[in-house]
Participant: 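Below you'll find the structure I mean.
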Amino acid sequence: MNDVQRRIVDVLLALGEGEVTTYGDVAEVAGYPKRARFVGHVLAHSGELAVDVPWWRVVNSAGRLVPGHEAEQAQLLRAEGVSVAAGHVRNAPVGRFSRPPATPRRQP
DNA sequence: TATATGACGTTGC
DNA sequence: AGCAACGCCATAT
């Protein structure tokens with residue numbers, strides 16, 4: 001595993017219950033702002049890793065759930081207190097987890 | 001080496 | 001809200 005994957009996994013493992021973040025935020029917090037796609041790639045193959053990665057706490061910038069795992073992800077998120085409806089989260093669409101608002105994003 | 005492909009993001013319409 | 005076009009970047013072939 002290279003350094004980038006390591007940083008990304010570390011950020012993912014820092015997520016707690018009820019905390020939802022996005023691929024872009026994970027990449028940015030990990031220190032690689034342009035690697036949102038790679039975050040998805042790491043999660044897609046997280047089963048090959050020796051660690052249990054909370055993939056269900058990651059959605060895209062639109063708050064959309066993971067394609068192909070929407071039902072399972074919705075159930076897991078709801079079990080943690082996150083409101084999910086019509087395949088997208090309601091509470092924390094672009095929620096960062098524990099980061100000062102250095103770069104403000106769009107407000108609903 | 002070159003091309004295609006994504007669990008993505010932003011912008012413009 | 002939804003869609004299309006473009007940019008990005010590691011992997012796969």
Side-chain angles (χ1 to χ4, degrees):
Chain A
M1 177 185 309
N2 62 41
D3 227 29
V4 187
Q5 295 181 5
R6 175 66 211 283
R7 299 281 299 272
I8 291 175
V9 170
D10 278 348
V11 172
L12 291 172
L13 294 179
L15 291 170
E17 275 197 9
E19 289 180 317
V20 178
T21 187
T22 70
Y23 298 92
D25 272 353
V26 171
E28 184 178 343
V29 171
Y32 305 91
K34 308 284 187 73
R35 276 137 177 104
R37 303 194 75 142
F38 188 57
V39 174
H41 190 269
V42 170
L43 285 172
H45 298 273
S46 60
E48 306 170 3
L49 300 179
V51 289
D52 188 11
V53 182
W55 58 267
W56 61 91
R57 302 203 256 247
V58 183
V59 297
N60 63 18
S61 67
R64 209 74 192 173
L65 299 186
V66 174
H69 300 270
E70 302 182 0
E72 183 184 4
Q73 186 173 17
Q75 184 175 348
L76 287 165
L77 287 176
R78 272 193 279 258
E80 298 183 350
V82 179
S83 304
V84 182
H88 67 83
V89 300
R90 305 179 76 180
N91 278 350
V94 270
R96 25 202 161 310
F97 37 99
S98 55
R99 180 170 58 107
T103 58
R105 286 179 184 262
R106 59 179 180 83
Q107 302 293 1

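A quick note: this is a predicted structure, and the numbers were derived from the prediction, not measured. Chain naming here is simple, since letters A, B, ... match the order of the sequence lines and numbering starts at 1 in each.
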Participant: CZ of A:R64 versus P of B:dT10: gap in Å, rounded?
Facilitator: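 Going from A:R64 (CZ) to B:dT10 (P), I get 17 Å.
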Participant: Take the protein atom CD1 of A:I8 and the nucleotide atom C1' of B:dA7, then report the distance between them rounded to whole Å.
Facilitator: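 Value for this atom pair: 13 Å.
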Participant: Quick check against the 3.5 Å criterion: does A:Q5 have a side-chain atom that pairs as donor or acceptor with the backbone of A:F38?
Facilitator: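 Checking the backbone N and O of A:F38 against the side chain of A:Q5, no donor-acceptor pair under 3.5 Å is found.
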Participant: Between A:R7 and A:D3 (salt bridge meaning N to carboxylate O under 4.0 Å), is one present in this structure?
Facilitator: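 No, this pair does not count.
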Participant: With a 3.5 Å distance limit and no angle check, can you tell me whether A:E28 reaches the backbone of A:P33 through a side-chain donor-acceptor pair?
Facilitator: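 Checked: no pair found.
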Participant: Can you measure A:R35 atom CZ to B:dG9 atom C1' for me and round it to whole angstrom units?
Facilitator: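 About 14 Å, once rounded to whole Å.
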Participant: May I have the distance from A:N60 (atom CG) to C:dC8 (atom P), rounded to whole angstrom?
Facilitator: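 One finds 20 Å between P of C:dC8 and CG of A:N60, rounded.
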Participant: To the nearest angstrom, how far is A:L76 atom CG from B:dA7 atom P?
Facilitator: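 Whole-Å distance recorded here is 19 Å.
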Participant: For A:E70 and B:dA7, what is the distance between atoms CD and C1' respectively, to the nearest whole Å?
Facilitator: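 Distance check: A:E70 CD to B:dA7 C1' gives 11 Å.
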Participant: Would you indicate what A:Q5 reaches in the nucleic acid, counting non-hydrogen atoms under 4.0 angstrom: base, sugar-phosphate, or nothing?
Facilitator: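 Contact class for A:Q5: sugar-phosphate only.
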Participant: Output all residues satisfying ring-ring contact (aromatic ring centres under 6.0 Å, His included) with A:H88, sequence neighbours left out; order by chain, then residue number.
Facilitator: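 Partners of A:H88 by the ring-ring contact (aromatic ring centres under 6.0 Å, His included) criterion come out as none, since no residue qualifies.
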Participant: Taking only heavy atoms on the protein side, list every residue of residues 37-50 of chain A lying under 4.0 Å from any atom of DNA chain C, sorted numerically.
Facilitator: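 DNA chain C contact set from residues 37-50 of chain A: A:R37, A:F38, A:H41.
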Participant: Provide, to the nearest angstrom, the distance between the NE2 atom belonging to A:H88 and the P atom belonging to B:dC8.
Facilitator: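 Value for this atom pair: 17 Å.
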Participant: Would you check if A:E72 and A:V66 make a side-chain contact, meaning some heavy-atom pair closer than 4.5 Å?
Facilitator: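 The answer is no, as the side chains (C-beta and beyond) never meet within the 4.5 Å cut-off.
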Participant: Does A:E80 CD have over 12 foreign heavy atoms under 6.0 Å away?
Facilitator: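 Yes, enclosed.
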Participant: A:W55 has an atom CH2; how far is it from atom P of B:dC8, in whole Å?
Facilitator: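 So the two atoms are 13 Å apart, to the nearest Å.
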